[in-house]
Amino acid sequence: MTAILEMRGIGKSFPGVRALDQVNLTIAPGEIHAICGENGAGKSTLMKVLSGVYPHGSYDGDILYEGRPVAFRDIRDSERQGIIIIHQELALVPQLSVAENMFLGNEVASRGVIDWNRTWARTRDLLAKVGLTEAPTTPVEKLGVGKQQLIEIAKALAKDVRLLILDEPTAALQENDSAKLLDLMLELKAQGVTQIIISHKLNEIRRVADRVTVIRDGSTVSTLDRAEITEERIIRDMVGRDLAHRYPDRVPDIGEVLMRVRDWTVWHPDQPRKVIDGVSFHVRRGEILGIAGLMGSGRTELAMSLFGRSYGRDITGQAELAGRPADLSDVSRAIAAGLAYVTEDRKALGLILEEPIQRNISLANLAGVAVNGILSAGREQAVAERYRRDLRIRTPGVNQRVMNLSGGNQQKVVLAKWLFTDPQVLILDEPTRGIDVGAKFEIYALMNELVAQGRGVVMISSEMPELLGMCDRIHVMNEGRFVGELTRAEASQERIMALILQSEGKAA
Amino acid sequence: MTTAETETKKRGLGAHLGGHLQQNGMVLALLAIVLFFLVVVRASQGVDFLSAQNITNLFLQNSYVIIMALGMLLVIVSGHIDLSVGSVAAFTGAVSAVLTVRWGWPFWAVIPATLVMGGLIGAAQGYWIAFWRIPSFIVTLAGMLVFRGLTLWLLQGQNIGPFPKAFQSLSTGFIPDLFGPDKPNLTALLMVGLAALAIVWAGVRGRRQDAAFGVEPEPAGLFWARNLIVVAALMFVGWKLAQFRGLPNVLIVMSVLIVLYSFFTEQTTTGRRIYALGGNEKAARLSGIKTDRLVFLTFANMGVLAALAGMIVTARLNSATPKAGTGFELDVIAAVFIGGASMSGGSGRIIGVVVGALIMGVMNNGMSIMGIGIDYQQVIKGLVLLAAVIFDVYNRNKQL
């Protein structure tokens with residue numbers, strides 16, 4: 001069996017960085033091949049070399065596709081040969097319909113005039129292949145992220161794909177959507193489509209992948225056959241050491257109640273319905289409180305409405321911090337009261353990507369680097385350097401723009417920003433989303449450190465294992481209400497799912 | 001020193017130059033343009049482009065663009081645009097004319113009253129933009145029409161003038177020489193000298209502070225070379241002005257404003273917040289920054305500066321005219337973009353804007369002296385704007 005794709009000795013340099021060095025990758029026809037590696041290991045760079053984003057000549061090494069050496073000049077060139085990449089950030093135009101997106105740049109037309117009947121018919125066929133029954137005229141923005149991801153795949157099928165590359169396809173999906181997507185991958189495999197999947201989620205890799213190639217620091221470390229694929233082995237190859245425990249140990253030292261919220265009710269900003277309905281909870285000093293729930297259960301809305309009413313309208317309920325009623329009526333007051341909110345969407349809501357690290361860190365507490373409203377560049381730099389050391393932010397210097405950092409390091413910058421406001425209670429919304437195993441561990445360790453200092457942490461997460469591994473207590477949320485509370489000893493994935501399912505549809 | 005260390009040092013210098021290429025590039029472009037006109041004007045017209053009188057003229061002609069560009073930078077950094085400044089300048093100029101000429105108010109009452117008027121106009125536009133989230137392009141396009149119309153209405157299609165000497169001196173007055181009427185003007189020389197010293201002192205102080213906090217400083221050679229050029233240029237201009245009538249009042253007003261706005265944008269928390277707002281409004285809001293209020297204030301501030309510019313123009317022409325300020329908004333916006341501000345907000349520096357305005361001003365002045373027609377002038381200015389922004393985008397892409 002000859003390989004459909006062979007990349008030999010691939011190297012790629014950027015000014016000051018050797019991003020890839022001696023990467024070898026062989027893909028057999030009809031297989032699903034997973035590529036694993038920490039953020040910044042070079043996975044995405046490798047895929048950009050393969051798909052022609054970095055044109056031939058700008059990298060070293062050879063690419064053999066279907067037995068012939070190829071030299072792609074750009075992404076269209078590789079698409080013509082059937083290599084299609086689906087990026088993490090979806091490339092759909094939200095306002096356009098499913099059919100329009102499906103054939104964008106590739107319209108079913110004669111002499112520039114679109115044949116709508118054929119377009120819709122073909123769209124229906126393609127949608128059926130990925131298990132969707134949506135009308136071709138539905139605007140894409142009306143669909144959930146999970147369905148949008150499937151439409152991306154249908155779009156690839158429209159282009160007669162032979163090698164499909166999926167870059168973290170399930171990063172933004174909840175579990176049932178992820179499962180559907182993985183099923184579809186297996187189905188496509190049965191139809192003979194070769195696939196490469198880049199993912200952080202090791203359980204998914206185990207489910208679909210025939211082989212795994214692990215990349216570390218820009219070089220291939222190992223290629224594992226299906227029999228060899230275990231989470232322990234992949235993690236060891238990715239980080240170059242054994243991770244005996246995925247969650248750092250902590251002896252809980254839980255004190256008095258730090259924050260208490262009663263009857264918190266929030267209405268949707270522009271629809272007449274409650275998003276949060278009478279939620280009450282408390283967090284103690286030294287405690288990590290988890291909030292479990294599916295996407296759309298109102299977890300983020302709860303956090304943002306608490307944090308300076310950044311979401312929703314007609315908010316009612318009481319909040320207390322350290323025994324006193326807290327004024328959370330706007331963000332600066334919430335910060336002053338000792339609350340911090342680390343957003344789930346760090347690029348859109350957490351960071352100013354064009355600005356350097358030190359300016360991002362000082363943003364929520366500019367008074368802390370200023371005297372009488374006048375900034376001290378030196379003080380700002382010193383603060384940033386301190387957090388760089390403490391949180392091990394990997395960067396050549398704190399004057400680097402945040403957009404040049406990997407996901408894990410960006411998340412550390414966001415955390416540094418909030419730590420610099422010296423909060424009593426931190427709400428961490430998906431704190432480890434889209435970051436690699438090594439950085440996850442560091443963030444867990446940091447959370448333990450924070451509660452050891454006597455702060456309280458509220459952790460919102462879609463990854464149940466991490467909630468179970470980190471939290472002292474877990475509230476289960478569904479349809480805007482808290483539907484159950486579990487102690488660390490009681491909590492399990494099954495019980496959380498059971499609480500969600502039992503409460504389904506009971507909301508008024 | 002090991003080889004590795006030498007290498008990092010070298011890379012440090014290269015990276016430093018690279019990082020400031022945009023800034024330095026614009027200054028170099030300005031110098032090149034001045035040099036070009038110096039040679040060409042002498043060869044073709046036999047006139048000294050850098051004569052004392054022409055340098056004075058340059059400042060008098062461009063002061064209002066620079067003053068409005070200071071406010072426009074804040075507006076653009078916050079991610080907005082203000083198309084109304086030309087009309088607002090015309091309207092406030094007309095108001096100052098009515099107050100002075102028709103109502104006989106003294107200049108010390110007219111100036112603050114007109115500035116307040118400008119602030120109110122800016123605030124009225126900012127209100128819709130900041131709190132109602134109406135796009136600034138629309139609101140200020142409306143403002144451009146409304147205030148042009150109000151200018152015509154107020155002036156009834158006529159010019160109002162002339163003005164008393166005191167009001168005229170806002171634009172055409174000079175700082176009197178305390179040391180007698182002999183040339184050169186010693187007061188002017190002294191003030192320019194002090195300004196040069198202040199610049200060097202501030203630079204040295206900044207370096208020392210950086211060092212105290214362990215910040216990697218600009219290489220010493222580069223720092224002194226840059227300062228030497230700045231001081232030399234400043235002293236040359238000062239020397240020339242001292243040969244003529246001394247320092248124009250408007251130059252002093254402008255210089256003070258430049259220093260104040262540089263300080264505000266780079267050293268104050270409020271200034272920083274405007275950049276954060278332009279960089280990522282949602283992230284800024286979730287960091288406790290009151291973004292609406294800041295947008296409102298940048299527009300109010302723009303109104304005040306437009307009013308100041310309006311009075312300077314009126315004083316310079318010695319009459320308020322219905323056509324005053326036509327097209328100013330384009331000169332001002334062009335200056336800001338030539339100076340390196342980004343269309344999407346979040347970046348741009350005061351010093352860049354001043355250089356950008358001077359580039360436009362020097363080209364206007366030089367081409368007029370050479371007798372180039374207004375048709376070609378427009379074409380050339382348009383191409384320069386385009387070239388400057390292309391240069392900027394090219395540099396940015398290279399950094400990625």
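So that the names make sense, note that chain A is the first sequence line, chain B the second, and so on, each numbered from 1. All values reported here derive from a predicted model rather than from experimental measurement.
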Report the option among [options] that has the most heavy-atom pairs separated by less than 4.5 Å from atoms of chain B.
| options | answer |
| --- | --- |
| A/V414, A/I374, A/N399 | A/I374 |
| A/A370, A/G350, A/G373 | A/G373 |
| A/K347, A/R379, A/M304 | A/R379 |
| A/L349, A/D330, A/D345 | A/L349 |

Contacting region of A/A348 [heavy-atom separation from chain B under 4.5 Å]: backbone
Proximal component of A/Q358, with respect to chain B [non-hydrogen, under 4.5 Å]: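 Neither; nothing under 4.5 Å.
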CD1 on A/I352 to NZ on B/K282, rounded to 0.5 Å: 13.5 Å
Distance (rounded to the nearest 0.5 Å) between B/I289 CD1 and A/L366 CG: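 Reported value, rounded in 0.5 Å steps: 6.0 Å.
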May I ask you to test the [X]-[Y] pair for a side-chain heavy-atom distance under 4.5 Å?
| X | Y | value |
| --- | --- | --- |
| A/S332 | B/K290 | yes |
| B/S287 | A/K417 | yes |
| A/S362 | B/R272 | yes |

Shortest non-hydrogen separation from B/N280 to A/L351 and the atoms involved: ND2-O, 2.7 Å
Closest non-hydrogen atom pair, A/V331 against B/L286: CG1-O, 3.6 Å
With [X] via ring-ring contact (aromatic ring centres under 6.0 Å, His included) - residues at least two apart:
| X | answer |
| --- | --- |
| A/F420 | none |
| A/W264 | none |
| B/F223 | none |

Quick check: are there more than 12 heavy atoms from other residues, nucleotides or ligands sitting under 6.0 Å from [atom1] of [X]?
| X | atom1 | result |
| --- | --- | --- |
| A/R386 | CZ | yes |
| A/D270 | CG | yes |
| A/R392 | CZ | no |
| A/R324 | CZ | no |

Positions in residues 257-268 of chain B that reach chain A, provided some heavy atom is under 4.5 Å away: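 Within residues 257-268 of chain B, the residues that come under 4.5 Å of chain A (heavy atoms only) are B/F263, B/E266, B/Q267, B/T268.
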